[in-house]
Each structure stands twice: as C-alpha cells, then as structure tokens.
Amino acid sequence: MSKSKTSYVCQSCGAVHRLWAGKCDACGEWNSLQAEVSDSGPPKGLGNGKKGKALDLVGLKIEQSKPINRLVTGLDEFDRVTGGGLVPGCAILLGGDPGIGKSTLLLQSVCALAKKGLRCVYISGEEAVDQVRLRAARLGMADAPVALASATNVREIAATIEESKIDVLVIDSIQTMYVDTVESAPGTVTQVRTAAQELIRLTKRMGTATFFVGHVTKDGQIAGPRVLEHMVDTVLYFEGDRGHQFRILRTVKNRFGATDEIGVFEMGELGLTEVSNPSALFLSQRQPDVTGSAVFAGMEGTRPLLVEVQALVAPAPYGAPRRSVIGWDQNRLSMILAVLEARCGLMFSGSEVYLNMAGGIRISEPAADLAVAAALISALQGRPVPSEYVFFGEVGLSGEVRAVSQPDQRLKEAAKLGFTGGCVAERLSSQKKQAKIDGLQIHEVRHLDDLASLLREGGATPRLRA
Ligand code: TYD
Ligand code: MG
C-alpha cells in the first residue's frame, strides 16, 4: 500500500508545494496554501512497458450526418452569451459573488429548456430540494419538467448521468461536490479539480451540456481553481452591484463563440428579466447639464452600450488627496489624471477625485479614456459637457487620442438613442470607408488639448476637424 503524504496546494492557482509557506511562489498569492493529504509515490509515466491502442485520427471537416444542434433557451440575453445556444457535451463554468443570482439564472434557463422537451437535471449541493422547489414556484416555473436532486457525492451523480440520457445538467456548486476517494475536504483544489474532471469526462462522453456554478473570492477570482477555467469550454461571470438591480452575464472564455459578449438582466420580485435595450436603461437616470458627466459609447462584445461616466473633483482638506473609482480601473484613472496635468496643464493634484460608471456596470475598454477625460475636465472647470454628445477614444501618454474599434457601431447606437453629436478619436482610414452616420455632428480629436478646447467652447469649433 502506498504511503500518504501531506502536500500544500495553493487554493488560488493549484500549484503544489512540499513545505508550507506564507506566499505561493507560483502566483504570488498570500495565505493561499492549504494542507492536502494525497497518496504518495512519484509519477510513474509510461514506464511499465504496456503498449496502448493507437488512436483513430480523423479529418477537420464536419461529417454531414452529424450537424450540431445548439440547445436554445429562448432567453436572448442568455443565448447570445453562450454563443447562440449550448453545444451538447459542453462544460460551462458560471462564476459570481454569493447571492448575485447564479442559481436563479440557471434555474430559469433550465426551466426554459425543459419546457422545450429537453431532459434537464438540476443538482443542488447547497439547497434542499424543497428550497429549490420554493424558488421555482416564486419564479412561476413550478410546472417545468426539471428533474431535481440535492446531492454532493460525485459517484452518485456520475451513476445518474450514465443511467439515462440527460441533455442539460446543472451542478450547483462545484465547491460542494466531493469524490469519496480523495481525502481532502470539499471545496479544496484537489476535490474541486477531481470532481470537475470526473464529471466533465463523463458528460462529454454522454453529450450532456453541463453548468458548474463556481464561487468567487473577494478579489473576483473563481475560488480555488484557476485550473477549472482551463478544464471547461466556456467561462461565464455573473456580476453586478448588489445595490442595483442590474446583473450582467459576461463571457470570459468560449470555445464555441465570441468572448466579451454580455447579457443584461434585471433582478426583480419574479426573478431575472431580460433587458433588451441596456443603453436606455443605463442612461435612464441621467440628469442633463450637470458638471462631471459624460456619456461613453462602448462596445461589449458585439453589442454597443452607452454608459454615463461621472466625475467629482473636490478640494482635499488635508493630506494626500483621495482617488476613488467605481466600475473602472484605478490605475487608468491615475494615468488620465497625470496626462491631463502634464500635457494639458489641468491641475488635479490638490483635489480629491471620484469616478463612477453609473448603473453598477464595470467597464474595461481603454476606449472609455476620452469620456473619463471629458468628465474630469468638466468637473474640474465646473462647466457641463454638451449632454447630447457621446465620447470614445483611447488616450496615450503624450495626450494623443487613439482610434478604437468599431466607431460606426458606437455612433449608430448613439444616434438611435437621440444623441446629436460625438467627440471621438480620429478614425482610421479603413474605418472611414464604412457607412456614414446620418444626423450626427462628429468631432474627431487628436489630442486632449482639442477635447479641452471643445469643452471650453461648449460645442463645435473651427479648430476641430468635423
Ligand atoms: P441566488 O440565485 O440564490 O444567488 P447565488 O446562487 O448566486 O448565490 O439569488 C439570491 C438573491 O436573489 C437573493 O438575494 C434574493 C434575490 N432574488 C430576487 O430578488 N428575486 C427572485 O425572484 C429570486 C429567486 C431571488
Ligand atoms: Mg446559489
């Protein structure tokens, strides 16, 4: 019998260490090593001399007899994010903060699929069957033919999968599952990895599309296993601010579709409802003619999205002034402030600066730089930005404004929502060949100085190339 041995596994990246340390050498995370007992023995490799069976190699072309039928829920916001429906046999990891609505989203989706005649199984390791039933009743979905079970033992779940053909399976959550041959506790990297490995292998063989719910740690990583992200086909994040009712489903990785795609939902009394026009929603509470507010025309995946950027510049009474950001990158704000100071002579150093993306959305596109700069200049100078304008463009360290992708789609969305102008980065010549946007007055700015003078004069100026 093999000896068992204690090793220390990083709960963040999965690296295995022989001795305990305060910091993981592999990923730099502090306090992430946890003792796990494993059967020892060096890896044996292929050294036993037994010859394996050669593989059947096949061509790239899809065989005509087997077209892929994607499983479509009919919830457009959900289907778009999964790349147009679920592919049989795919493994999807859904991450998100506790209480954000992951279980609700998956229950609603499988109910929709079950109503279309697909065999759907929902396995909850966190809630009792009655709790899931109560939730379904609240969502008005109690009559959907979804098969429920409350279980955590992977061996039992595997037997269920093998017993009959399941089209869609939900494992809520992977951190509660355990494999009885592994000694460490549920939720540890070894357990999560082994459980996921077993289930993915089986569901791929049986052609079952599987959702794994994964918890997110406070710094936004799917808890424990980054390794899990490599094992699945698709990684989705469900995010949003708990104080707001909007929830955003975002694709981080997708082997069967585009990434950076988002679906927008609203959490209400009766569960999640789809928001098909999110720009209108994010701008619905905008006040016209206030200082420090500029509208950013962004792209989330294939979809344009308009968001209000809000800035506040306040005198700092003492000490180092605060810089606080919600929904954007703190380092990016520091950079824009430094560029505005060094290249345009606009002084923020004695002031506190607050920046907020209204509506609880998180923006990661560098294209938001120009809108942020406009909001900051407006807040500093106490002069409103023309409220019927949208902004986009990336700012470089010398203050130059760089072209961004898909300018026309951004402008079209702005025109659709009644905006009359755009202050945008100069488009590349290839982008100019595309369709003209009717009715929008477009100012192409090359430098933040151009933006500052446009804002000073409150509209069109001869210095800018329209
Ligand atoms: P849940 O799906 O349990 O979150 P997760 O699985 O991500 O932990 O969502 C729980 C929250 O959603 C809870 O705070 C209540 C809220 N909620 C509603 O507001 N309306 C509803 O119809 C439902 C089902 C939940
Ligand atoms: Mg849950």
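As the structure lists them, so they are numbered: ligands from 1, and atoms in each ligand from 1.
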Establish, from distance only, whether the side-chain atoms of [X] and [Y] form a donor-acceptor pair under 3.5 Å.
X	Y	answer
Ser293	Glu308	yes
Ser279	Glu413	yes
Thr73	Asp79	yes
Ser103	Asp172	yes
Thr104	Arg135	yes

Are Glu300 and Arg250 within salt-bridge range, i.e. N to O under 4.0 Å?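 Yes, Glu300 and Arg250 are salt-bridged.
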Can you tell me the protein heavy atom closest to [atom] and the distance?
atom	value
atom 2 (O) of ligand 1	Thr104 OG1, 2.6 Å
atom 25 (C) of ligand 1	Arg138 NH2, 3.5 Å
atom 1 (P) of ligand 1	Arg135 NH1, 3.4 Å
atom 12 (O) of ligand 1	Met267 CE, 3.3 Å
atom 4 (O) of ligand 1	Gly101 N, 3.1 Å

Applying a 4.0 Å heavy-atom criterion (strictly less than), which segment of [X] is in contact with ligand 1: side chain, backbone, both, or neither?
X	value
Lys102	both
Glu269	backbone
Leu270	backbone

Within 2.8 Å of the Mg ion (ligand 2), is there any N, O or S atom belonging to Ser103?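 So Ser103 counts as coordinating the Mg ion (ligand 2), yes.
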Pick whichever of Gly96, Gly268, Ser173, Gly99 has a heavy atom sitting closest to atom 5 (P) of ligand 1.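 Heavy atom nearest to atom 5 (P) of ligand 1 belongs to Gly99.
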Pick from Gly140, Gly271, Ser103: the one approaching atom 22 (O) of ligand 1 most closely through a non-hydrogen atom: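 Minimum heavy-atom distance to atom 22 (O) of ligand 1 goes to Gly271.
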Arg410 to Phe392, cation-pi by 6.0 Å centre distance and 45° axis angle: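 Cation-pi check for Arg410 and Phe392: passes.
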So which of Thr251, Asp76, Thr234, Ile248 actually passes side-chain contact (heavy atoms from CB on, under 4.5 Å) with Val81?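 It is Thr251; the other options fail the test.
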Just jot down the ligand 1 atoms closer than 4.0 angstrom to any heavy atom of Asp97, in number order.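 Those qualifying, in numeric order: 7 (O).
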Under 3.5 Å between any N/O of Pro98 and any N/O of ligand 1: does that happen in this structure?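 N/O-N/O distance under 3.5 Å: no.
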Can you confirm whether some protein heavy atom lies under 4.0 Å from atom 15 (C) of ligand 1, or whether none does?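 No; the ligand atom in question lacks any protein heavy-atom contact below 4.0 Å.
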Is the distance from the ring center of Phe246 to that of Phe282 below 6.0 Å?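 Ring-ring flag for Phe246/Phe282: true, centres closer than 6.0 Å.
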